[in-house]
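First up is the structure itself, then whatever we jot down about it.
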Amino acid sequence: QVQLVESGGGLVQPGGSLRLSCVASGNIFSVNGMAWYRQAPEKQRELVAADYGGSTNYRDSVKGRFTISRDNAKNTVYLQMNSLKPEDTAVYYCYADVFIAAGVYRRRDDYWGQGTQVTVSS
């Protein structure tokens with residue numbers, strides 16, 4: 001019903017930058033919010049940044065370095081990551097909280113992307 005496709009991951013040296021993108025497509029009536037999570041090996045998935053109606057929040061370790069933004073017309077969310085550190089290495093997942101159109105009804109649901117690897121290493 002809804003697909004999230006991420007792009008922009010890769011290998012970068014410490015101090016470098018990457019920009020992740022995620023496009024949501026399918027039977028979307030409206031988007032409540034979009035977010036980025038990450039999961040490092042043998043660790044739990046954690047919230048990196050979220051944008052709900054223009055209100056954003058970040059985990060403390062990325063504040064001042066990462067910026068989340070959305071293009072509502074394209075149902076797209078971005079994550080600009082600057083001053084990357086080795087501890088930012090993880091698989092990054094896009095998340096969308098949406099209302100989908102189900103006939104005459106609207107149903108709230110959430111979806112995940114397939115993940116994109118970000119590796120910060122010299």
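Residue numbers start at 1 and run along the sequence shown.
- For the disulfide (SG to SG under 2.5 Å) condition, the pairs that include at least one residue of residues 13-108, sequence neighbours left out, are Cys22-Cys94.
- Contact between Gln117 and Thr119 at its shortest, heavy atoms only, is NE2-OG1, 3.3 Å.
- In plain terms, the two heavy atoms of Ala35 and Leu47 that are nearest each other are CB-CD1, 4.0 Å.
- The two residues Ser83 and Ser17 come nearest to each other via the heavy atoms N-OG, 4.4 Å.
- Around CD of Gln44, the count of heavy atoms belonging to other residues, nucleotides or ligands within 6.0 Å does not exceed 12.
- Evaluation of the side chain to side chain contact (heavy atoms under 4.5 Å, CB included) rule for Thr56 yields Asp51, Tyr58, Ile68 as partners, not counting sequence neighbours.
- Taking OG1 of Thr116 as the reference point, atom CD of Gln114 lies at 7.0 Å (rounded to 0.5 Å).
- Under a 4.5 Å side-chain heavy-atom criterion applied to ILVMFWY residues, the cluster that includes Tyr78 comprises that residue alone.
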(message) The test is side chain to side chain contact (heavy atoms under 4.5 Å, CB included); show your working for Leu18 and Phe66 and say whether it passes.
(response) CA-CA 10 Å; Leu18 283 175; Phe66 291 10; over 6 Å; no
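- Residues Glu87 and Val120 have side chains not in contact (no heavy-atom distance under 4.5 Å, counting atoms from C-beta outward).
- Of all heavy-atom pairs spanning Pro14 and Ser122, the tightest one is CD-N, 3.7 Å.
- Taking Asp110 as the reference, nothing meets the salt bridge (charged side-chain N to carboxylate O under 4.0 Å, His left out) condition, with sequence neighbours excluded.
- Screening residues 91-107 for salt bridge (Lys or Arg N to Asp or Glu O under 4.0 Å), with sequence neighbours left out, gives Asp97-Arg108, Arg107-Asp109.
- Legend: residues meeting salt bridge (charged side-chain N to carboxylate O under 4.0 Å, His left out) with Arg19, ordered by chain and number and at least two apart, are absent.
- The side-chain hydrogen bond (donor to acceptor under 3.5 Å, both in side chains) search around Asn27 returns none, not counting sequence neighbours.
- Hydrophobic cluster of Val23: no remaining members, since no ILVMFWY side chain lies below 4.5 Å from it.
- Partners of Tyr95 under the ring pair (Phe, Tyr, Trp, His ring centres under 6.0 Å) rule, at least two apart in sequence or in another chain, are Tyr37, Trp112.
- Through direct or relayed side-chain contacts under 4.5 Å between Ile, Leu, Val, Met, Phe, Trp and Tyr, Leu11 connects to no other residue.
- In this structure, Lys63 pairs ionically with Asp60, as a charged nitrogen and a carboxylate oxygen lie closer than 4.0 Å.
- The two residues Leu79 and Ala49 have their closest heavy-atom pair at CD1-CB, 4.2 Å.
- In terms of hydrophobic clustering, with Ile, Leu, Val, Met, Phe, Trp and Tyr side chains grouped at heavy-atom distances under 4.5 Å, Tyr93 and Tyr52 are assigned to a common cluster.
- Under the 4.5 Å side-chain criterion, counting only non-hydrogen atoms from C-beta, Tyr92 is not in contact with Glu6.
- Among residues two or more places apart in sequence or in another chain, the side chain to side chain contact (heavy atoms under 4.5 Å, CB included) test is passed with Val31 by Ile28, Met34, Arg70, Asn75, Val98.
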(request) List the steps, then state whether side chain to side chain contact (heavy atoms under 4.5 Å, CB included) holds for Met81 with Val48. (result) CA-CA 11 Å; Met81 304 185 294; Val48 177; over 6 Å; no
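- Going from atom CG of Leu4 over to atom OG1 of Thr76 covers 10.0 Å, rounded to the nearest 0.5 Å.
- Scanning for side chain to side chain contact (heavy atoms under 4.5 Å, CB included) contacts around Arg59 gives Arg38, Glu46, Ser61, Val62, with sequence neighbours left out.
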